[in-house]
Amino acid sequence: MKGEIEEMLDRARNERNAGRSGEAERGYSAAAARARAERQQLALGHALRHVSDLARERGSAEEALGAAVEAVGIYRAEADARPLDLANALRLNALALTDAGCSAEAAILWHEARELYSSAAVQAGVDEANAYLAAEG
């Protein structure tokens with residue numbers, strides 16, 4: 001049986017898949033608040049990654065950056081965190097930094113994300129990192 005936070009995340013994902021970004025963002029934010037209250041750090045990191053992505057899509061680089069930075073911190077601190085989750089959070093952090101005009105800081109994160117994606121054999125992640133790094137080259 002799924003827990004409440006996991007169900008909240010599923011509902012938010014379904015809203016996003018249906019093209020209802022605002023509802024999805026509210027759902028992910030609610031899941032983040034619940035995960036924070038219940039001290040479910042990995043679920044919090046997951047929700048924050050999506051909050052970051054949706055905030056970035058609507059043009060809020062500062063909000064996207066805040067959520068991504070927190071997600072990266074969670075994944076770095078949690079022993080059970082999967083490297084791919086960290087890579088995804090680093091990606092979002094780098095994208096938000098780029099949007100905020102901080103390309104040099106973003107490049108550092110792209111390098112780390114690329115290594116993690118490579119280790120996890122996620123070629124799309126490696127390719128995206130390479131593309132961003134080449135553009136800044």
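Reckoned from all heavy atoms, side chains included, excluding hydrogens, waters and symmetry mates.
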_Please determine whether a side-chain nitrogen of the Lys or Arg among Arg36 and Glu70 lies less than 4.0 Å from a carboxylate oxygen of the Asp or Glu._
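The answer is yes: the pair qualifies as a salt bridge.
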
Taking NZ, NE, NH1 and NH2 as the nitrogens, is one of them in Arg34 or Glu7 under 4.0 Å from a carboxylate oxygen of the other?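 Here Arg34 does not pair with Glu7 in a salt bridge, since their nearest N and O are not under 4.0 Å apart.
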
Quiz prompt | Contacts of Ala106 that satisfy side chain to side chain contact (heavy atoms under 4.5 Å, CB included) - sequence neighbours left out | solution =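 So Ala106 forms a side chain to side chain contact (heavy atoms under 4.5 Å, CB included) with Ala94, Leu97, Thr98, Trp110.
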
Heavy-atom side-chain proximity of [X] to [Y] below 4.5 angstrom:
X: Leu109; Y: Arg114; result: no
X: Asp127; Y: Tyr117; result: no
X: Arg13; Y: Tyr28; result: yes

Trace of the salt bridge (charged side-chain N to carboxylate O under 4.0 Å, His left out) decision for Glu63 with Arg58: CA-CA 10 Å; Glu63 188 177 340; Arg58 70 173 158 73; 2.6 Å; yes

Ignoring hydrogens, what is the shortest heavy-atom contact between [X] and [Y]? Give both atom names and the distance.
X: His46; Y: His50; result: O-CD2, 3.2 Å
X: Ala64; Y: Ala55; result: N-CB, 3.8 Å
X: Ala87; Y: Ala113; result: O-CB, 4.0 Å
X: Ser118; Y: Val126; result: N-CG2, 3.5 Å

ILVMFWY cluster membership beyond Leu48 - transitive side-chain contacts under 4.5 angstrom
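Besides Leu48, the hydrophobic cluster comprises Leu44, Ile74, listed by chain and residue number.
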
Problem set entry | Transitive ILVMFWY cluster of Ile108, excluding itself - 4.5 Å side-chain cut-off |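 Cluster partners of Ile108: none, it stands alone.
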
field: Within one Ile-Leu-Val-Met-Phe-Trp-Tyr cluster: Val69 and Leu86, side-chain cutoff 4.5 Å
entry: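 Linked within one cluster.
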
Are the side chain of Ser60 and the backbone N or O of Arg56 linked by a donor-acceptor pair below 3.5 Å?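 No; zero donor-acceptor contacts below 3.5 Å.
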
When rounded to the nearest 0.5 angstrom, what is the spacing between [atom1] in [X] and [atom2] in [Y]?
X: Glu128; Y: Leu133; atom1: CD; atom2: CG; value: 10.5 Å
X: Glu15; Y: Glu23; atom1: CD; atom2: CD; value: 5.5 Å
X: Leu95; Y: Ser52; atom1: CG; atom2: OG; value: 8.0 Å
X: Arg26; Y: Arg20; atom1: CZ; atom2: CZ; value: 11.0 Å
X: His111; Y: Asn130; atom1: NE2; atom2: CG; value: 9.5 Å

- prompt: Side-chain donor-acceptor pair under 3.5 Å between Arg49 and Tyr75, yes or no?
  reply: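 Yes, Tyr75 and Arg49 have a side-chain donor paired with an acceptor closer than 3.5 Å.
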
Legend entry - Arg16 and its side chain to side chain contact (heavy atoms under 4.5 Å, CB included) partner, picked from Arg11, Glu25, Glu57: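 Answer after filtering Arg11, Glu25, Glu57: Glu57.
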
Here's a test for you: under side chain to side chain contact (heavy atoms under 4.5 Å, CB included), which of Asp85, Asn88, Leu92, Asn93 qualifies with Val72?
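Only one of Asp85, Asn88, Leu92, Asn93 forms a side chain to side chain contact (heavy atoms under 4.5 Å, CB included) with Val72, namely Asn93.
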
Can you check side-chain contact (heavy atoms from CB on, under 4.5 Å) on Leu116 and Leu84, steps first, answer last?
CA-CA 7 Å; Leu116 290 167; Leu84 185 55; over 6 Å; no

